[in-house]
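To start, the structure itself, in structure tokens.
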Amino acid sequence: MPDHYHNKLVFVGDMGAGKTTAVRSISDVEPVSTEMPMSVGERTDTKSTTTVALDYSTVELDDGELLHIYGVPGQKYLDFMWPMVCEGALGIIVLVNAGHPDKLATTESLLNEFSRMAPSANFAIGVTHADLADDFSLIEFRNALLRAGFKLPIMKVDARRPEQVDFLIKALLAYSYAGSQLQIA
Amino acid sequence: MSRRSSVKPRITIATAGLGVLPETRLKVACTLLMADRMQVDVVAWGASEANILVADNASLEGSLAIDSARQLKLPTLTLGRTPSSLLPTLSPTATVKDIAAELKSLIRSLVGESGHAPRLSPLLEQLRLDHPAGGLQLMELGLVRLLVNRDSGVVHMLRRVPLEDLLHEAGNPYWHSTAVTPEWAEQHRSDVHASHSIESIWWRLLELSQIDLAQTSAREAPVRLAAWPELDAQVIDPQWLTALAYLMHESWHADALAELSGIDAGMIRRLLHVVVASGLASQAPQVAQAKPATSNAAAALTGSILKVAKRFGLKLFGIGHA
């Protein structure tokens, strides 16, 4: 089947943001994952493994082409794989754990790094685990990003719920499409 | 004829305590108003949400309705033998022409020059984030009791009531509003069962077609989103995403956005009202025109987006989705 350069969707985020779960929840096939047990000190009640390289899966489009889906760790020491995954990406979704103490700085850093590597890609942000972070306000988080110059789709998402991950992808696609129709770089 | 000139304000007039003759003359007067492009429904007081009250202040029923209307700040015409120093009054024997003239004056003051119809419910008025006024308001309707804090953009539910119940009652005209102090709010902190952002409430209201949002913005000015709204993926129809995406990029008039997004113009107006009322309207002056993608790279990108969107069930208005 023919394959297309632009048919690539990337999830990026720190450890525990939900990348592996998000990729799995929308995949047509069993994802290829590189999960390893976490060290004892880093384990939590809900997470005992972490992705050490990347997650990869596919979704088949109507004409038989594949949409390639990647989950990429946001840790800096793994940044060597960022450029090859992001090249030509249709869109990049930054996942951030609402309970992460440095979520704003981490998100800003990822948006800056990835928009430099993939200048034509559009971005969206999915905030995970918001139900476990009582003091988290999506509006405050959004407004802080806005003040930092990032105006983009952002929403809470439960990575285990395919319909919520779908909705986030739809928001990214709609935003990308509108930008392309208006010829906004 | 321009579309603007065809707008007919739809006004609901409630009556209370009127005799048969005054009530009949009132109804005939309302039919005369159609010649002035005013569409008026006459209902009994309390039957449905009203914009104007016409009552006989000499009757118990009329007098009670006038008291309630005063609390709701509803324009009122008294039609009775007892002149009121506070309200416009006509004698019960007033002619149809006199009644029509008085109603016309009330409706014009209500509608203003915008051509748009009247006020929001007391709760929705308090939830507007496009007004600078802040402060704390206690809102009560039957068993529903909540505290609106516009400074922090949050509604605190003071009784255990599902958000859905609040949303369905949002347009009710009988909400009672009381200004309270921060000290009062602090004392009742333990009564708070749940809190919701006001912005998210507006976006939930978007899906409730029975709530009339047309009064939230009087002018048909171009609108742009200052930021992506707080949406609940479980209740928002994905079709809105396309329109929201365009609004994130540029300012739009309702008709142009409806044409581009493929969404009904009436629904787009409703969306724009929510953008304004939720405080997310940007002041950006320029108005966008859709331009087709011209470069090969842009066309390839658009093609890819359309294919992927189709796979995810998102209907974008474009060649790939014809």
Side-chain angles (χ1 to χ4, degrees), chain A residues 4-9 26 28 59-63 65-67 88-91 120-122 124-126 134 137-143 145-147 150-158 161 163-185, chain B residues 152-154 195 197-200 225-234 236 238-250 260-261 278-280 282 288-295 297-318 320-321:
Chain A
H4 201 283
Y5 187 61
H6 281 301
N7 294 345
K8 194 192 279 187
L9 186 64
I26 56 163
D28 284 345
V59 167
E60 189 172 342
L61 305 179
D62 281 2
D63 56 3
E65 278 191 57
L66 296 178
L67 171 67
L90 184 68
S120 61
N122 281 283
I125 296 175
D134 288 341
S137 160
L138 184 73
I139 292 173
E140 285 175 20
F141 185 60
R142 175 200 69 194
N143 291 347
L145 285 170
L146 204 58
R147 286 193 292 276
F150 298 107
K151 183 180 176 184
L152 69 178
I154 176 170
M155 59 187 69
K156 293 176 190 169
V157 60
D158 183 338
R161 306 273 301 268
E163 72 278 11
Q164 293 197 19
V165 181
D166 264 24
F167 193 78
L168 179 59
I169 293 172
K170 284 172 182 164
L172 171 64
L173 292 168
Y175 187 61
S176 305
Y177 181 73
S180 73
Q181 292 300 288
L182 299 169
Q183 296 185 316
I184 292 166
Chain B
S152 61
V154 175
S195 299
S197 79
I198 295 176
E199 185 185 309
S200 69
L225 269 171
W228 189 261
E230 184 179 11
L231 304 176
D232 185 336
Q234 289 167 288
I236 290 286
Q239 71 164 328
W240 293 113
L241 293 172
T242 315
L244 292 173
Y246 280 118
L247 286 166
M248 281 281 277
H249 288 298
E250 301 283 359
L260 193 61
S261 65
S278 65
L280 282 178
S282 158
Q289 298 290 327
K291 299 178 281 286
T294 49
S295 72
L301 179 63
T302 301
S304 291
I305 295 169
L306 287 170
K307 273 191 289 190
V308 177
K310 196 171 181 181
R311 166 61 179 75
F312 282 91
L314 177 65
K315 185 84 178 169
L316 295 168
F317 197 62
H321 287 231

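- Heavy atoms of A:Glu60 lying under 4.5 Å from chain B belong exclusively to its backbone.
- For B:Ala226, the part lying under 4.5 angstrom from a heavy atom of chain A is the backbone only.
- For the residue pair B:Glu199 and B:Ser278, no side-chain donor N or O sits within less than 3.5 Å of a side-chain acceptor on the partner.
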### CA sep, side-chain torsions, deciding dist, call: A:Glu65, B:Lys307, salt bridge (Lys or Arg N to Asp or Glu O under 4.0 Å)
CA-CA 9 Å; A:Glu65 278 191 57; B:Lys307 273 191 289 190; 2.6 Å; yes
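- A donor-acceptor contact closer than 3.5 angstrom is absent between the side chains of B:Ser261 and B:Thr242.
- Looking only at atom types and distance, the side chain of A:Asp158 has no donor-acceptor partner in the side chain of A:Gln164 under 3.5 Å away.
- Here A:Ile154 is the residue among A:Val157, A:Ile154, A:Leu146 with the most heavy-atom pairs under 4.5 Å with chain B.
- Residues passing the ring-ring contact (aromatic ring centres under 6.0 Å, His included) test with A:Phe141 are A:Phe136, sequence neighbours excluded.
- Applying the ring-ring contact (aromatic ring centres under 6.0 Å, His included) test to A:Phe167 and every residue at least two apart in sequence or in another chain returns nothing.
- Heavy atoms closer than 4.5 Å to chain B are found in the side chain of A:Asp28, but not in its backbone.
- Neither the backbone nor the side chain of A:Leu168 has a heavy atom closer than 4.5 Å to any heavy atom of chain B.
- The residue among A:Ala174, A:Ser176, A:Ala171, A:Pro153 with the most heavy atom pairs within less than 4.5 Å of chain B is A:Pro153.
- Looking at A:Lys151, the atoms closer than 4.5 Å to chain B (heavy atoms on both sides) sit in the backbone and in the side chain alike.
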### side chain to side chain contact (heavy atoms under 4.5 Å, CB included) between A:Leu90 and A:Leu173, worked out
CA-CA 8 Å; A:Leu90 184 68; A:Leu173 292 168; 3.9 Å; yes
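- Heavy atoms of B:Leu244 lying under 4.5 Å from chain A are absent altogether.
- When heavy atoms are compared at a cutoff of 4.5 Å, B:Ile198 does not approach chain A at all.
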